[in-house]
Amino acid sequence: MTLDAAAVTGWFREHARDLPWRRPGFSAWGTLISELMLQQTQVARVVPVVEEWLRRWPTPADLAAASQADVLRAWGRLGYPRRALALHACAAAIAERHGNRVPEDVDELLALPGVGDYTARAVAVFAHGGRHPVVDTNVRRVLARAVDGVAQPAAPSARRDLPAMSALLPEDLEEQRLFNAGMMEIGAVLCTARAPRCDECPLRRSCAWRAAGSPAHDGPPVRRQPRFEGSDRQRRGRVMAELRASDVPLTEAELARAVPEAARILEGLERDGLAARAEGGWALPA
DNA sequence: AAGCCGGGGGT
DNA sequence: ACCCCAGGCTT
C-alpha cells in the first residue's frame with residue numbers, strides 16, 4: 001500500500017470544513033452549481049453566491065427560464081463569466097434531455113458544457129455517491145508528494161492521473177467518497193503549494209516527500225503566468241462590470257471612458273456571447 | 001502542448 | 001509590489 005486511505009478518511013471525518021455543499025440534503029443540482037463555481041474561484045467567495053443561486057433557481061428548469069443577463073448579474077464578480085453561461089446551458093440541457101435531474105453517468109456529465117474530467121467525476125461522486133477517481137490540482141499535488149516524493153506534480157494527464165487515483169480508491173462506497181473529498185481537502189488546507197503544514201497532515205508518517213527531506217522542485221521552472229494588471233482579462237472584467245451595472249445599453253464611447261480599448265474588447269465579448277449589441281450600444285445578452 | 005479566460009488573497 | 005492560484009476549452 002503506497003498511501004494510507006484510512007488515514008485520509010479518518011482525518012476528513014474529523015476535520016472537514018463545514019461547507020454548504022457538504023450539508024446533508026444538499027441537492028445534486030446544488031453540487032453541479034458549486035463545482036462549476038469552484039473551478040477557479042475560492043471557497044469563501046463561492047459560498048454566498050451558490051446559496052443565492054439555489055434560493056433563486058432551486059432546479060435546473062428554474063435557471064433555464066432565466067435570461068442570460070440575469071444569470072450574468074447573479075454571477076457577479078466570481079470571474080470567468082463564461083462559466084455562468086455554461087451553467088445556464090447545463091440547466092437547459094438537463095431540463096430538456098434529463099428530466100430536470102442531474103445525470104449520474106460520467107459520460108453524460110462530460111457532455112454538458114463547462115463540465116470536464118474533474119467536474120464530471122466530482123458530481124458523480126459527491127452528488128450521487130458513485131465510485132470514481134476525482135482528481136483536481138490539489139489531489140495531484142498530494143499524490144506527487146505522498147506517493148512519488150516530489151514537490152510538484154508533472155503536467156496534468158488524465159491518462160495517468162485517473163488510474164493513479166483509481167488504484168488507491170477504497171472499495172467501500174462511503175469510504176471512497178470520503179477519500180476523494182479528503183484528498184482534496186488535504187491539498188487545499190494542509191498540503192498547499194507553498195508552506196505546507198506537514199505537522200498536521202494525516203499522511204506525515206508515510207509521506208515519501210517528507211521522508212526524502214521535502215526536496216524542492218528540481219524540474220524545469222514552473223511557467224510564469226502573465227500579469228493581470230494591464231491585461232485583456234482585466235479589461236474584459238471591467239467592461240463586464242459596467243454592463244452588469246447598467247439597466248440600459250451603454251454606448252461604445254461610454255464604455256471607452258472606463259476601458260479605452262472597449263471597441264476591441266467588446267468584439268471578443270460578443271464572440272463569447274457575453275455582450276450583445278443593443279439599441280444605441282451594448283448590453284448583456286438577453 | 002500551449003495559451004486564453006477574472007479576480008482576490010497571501011507574502 | 002509582486003507572486004500564486006486553477007478547470008475547461010480552443011488552437
Side-chain angles (χ1 to χ4, degrees), chain A residues 31-49 72-90 106 109-124 126 133-142 144 151-162 165 180 183-185 187-197 216-217 219-245 258-259 261 264-275 284:
Chain A
T31 300
L32 179 62
I33 292 174
S34 62
E35 289 297 347
L36 260 292
M37 289 181 173
L38 288 164
Q39 277 173 4
Q40 289 99 355
T41 306
Q42 298 92 326
V43 165
R45 297 164 62 200
V46 166
V47 168
V49 183
L72 287 167
R73 285 199 176 91
W75 190 258
R77 303 185 63 82
L78 289 183
Y80 298 124
R82 297 205 262 224
R83 294 181 292 160
L85 296 184
L87 216 28
H88 190 253
C90 280
V106 169
L109 287 162
L110 283 169
L112 297 172
V115 176
D117 284 322
Y118 163 73
T119 306
R121 288 172 178 81
V123 170
F126 302 128
V134 180
V135 180
D136 71 349
T137 189
N138 290 311
V139 172
R140 289 172 13 80
R141 186 174 53 251
V142 175
Q152 294 180 25
S157 160
R159 285 189 46 190
R160 284 187 46 83
D161 299 337
L162 292 177
M165 185 65 173
N180 276 309
M183 288 288 280
M184 287 196 290
E185 189 81 345
V189 307
L190 298 180
C191 195
T192 53
R194 292 175 299 174
R197 304 164 66 180
H217 180 62
V222 183
R223 194 176 64 82
R224 209 191 120 155
Q225 73 172 9
R227 315 175 53 81
F228 179 61
E229 197 67 27
S231 68
D232 274 2
R233 287 154 79 189
Q234 183 183 47
R235 295 188 187 98
R236 286 167 59 102
R238 286 182 175 164
V239 169
M240 288 299 293
E242 296 287 330
L243 296 179
R244 285 196 307 268
V259 178
E261 304 86 346
R264 175 173 58 81
I265 295 301
L266 283 161
E267 281 183 42
L269 290 174
E270 183 183 32
R271 266 204 322 277
D272 294 338
L274 291 166
L284 295 176

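Proteins come first, then strands; the chains are lettered A, B, ... in the order of their sequence lines, and each starts at number 1. As a basis for the values below, the full set of heavy atoms in this structure was taken, side chains included, without hydrogen atoms, waters or symmetry mates.
- Remark: C1' of B:dC4 and CZ of A:Arg227 are 18 Å apart, rounded to the nearest angstrom.
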- Query: What string of B, S and - do you get for nucleotides 5-11 of chain B, 5' to 3', if B is base contact, S is sugar-phosphate-only contact and - is no contact with any protein heavy atom under 4.0 Å?
  - Reply: BBBB---
- Under 3.5 Å for both distances, Watson-Crick or G-U wobble, that's the pair rule; now give the dot-bracket for DNA chain B, with | marking pairs to another strand and [ ] for crossing ones. |||||.|||||
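- The backbone N or O of A:Arg45 sits nowhere less than 3.5 Å from a side-chain atom of A:Arg77 that would complete a donor-acceptor pair.
- Distance noted for atom C1' between C:dA6 and B:dG3: 14 Å (whole Å).
- We find that CD of A:Glu35 is positioned 13 Å from C1' of C:dA6, with the value rounded to whole Å.
- A straight line from CZ of A:Arg159 to P of B:dA1 spans 11 Å, rounded to a whole angstrom.
- Partners of A:Ser34 under the side-chain hydrogen bond (donor to acceptor under 3.5 Å, both in side chains) rule, at least two apart in sequence or in another chain, do not exist in this structure.
- One can place CD of A:Glu229 at 10 Å from P of C:dA1, the figure rounded to the nearest angstrom.
- Judged purely by atom type and a 3.5 angstrom limit, A:Arg197 has no side-chain atom pairing as donor or acceptor with the backbone of A:Leu190.
- As a whole-Å value, the separation of A:Tyr118 OH from C:dA6 P is 11 Å.
- Within a 6.0 Å sphere centred on CZ of A:Arg160, heavy atoms belonging to other residues, nucleotides or ligands number 12 at most.
- Side-chain contact between A:Glu242 and A:Val259 is absent, with no heavy atoms from C-beta onward closer than 4.5 Å.
- A:Arg140 has its CZ atom 12 Å from the P atom of C:dC5, to the nearest Å.
- Residues A:Val239 and A:Leu266 form a side-chain contact, since some pair of their non-hydrogen atoms from C-beta on lies under 4.5 Å apart.
- You'll find the side chain of A:Arg83 reaches within 4.5 Å of the side chain of A:Trp75, heavy atoms only.
- Contact between A:Leu78 and A:Thr41 at its shortest, heavy atoms only, is O-OG1, 2.9 Å.
- For A:Asp161 and C:dA6, the CG to C1' distance is 14 Å, given to the nearest whole Å.
- Taking atom CG on A:Asn138 and atom C1' on C:dC5, their separation rounds to 10 Å, with Å as the unit.
- A side-chain contact (heavy atoms from CB on, under 4.5 Å) with A:Glu35 is found for one member of A:Thr119, A:Val46, A:Val115 and no other, namely A:Thr119.
- Taking atom P in both B:dG6 and C:dT11, one finds a spacing of 15 Å when rounded to whole Å.
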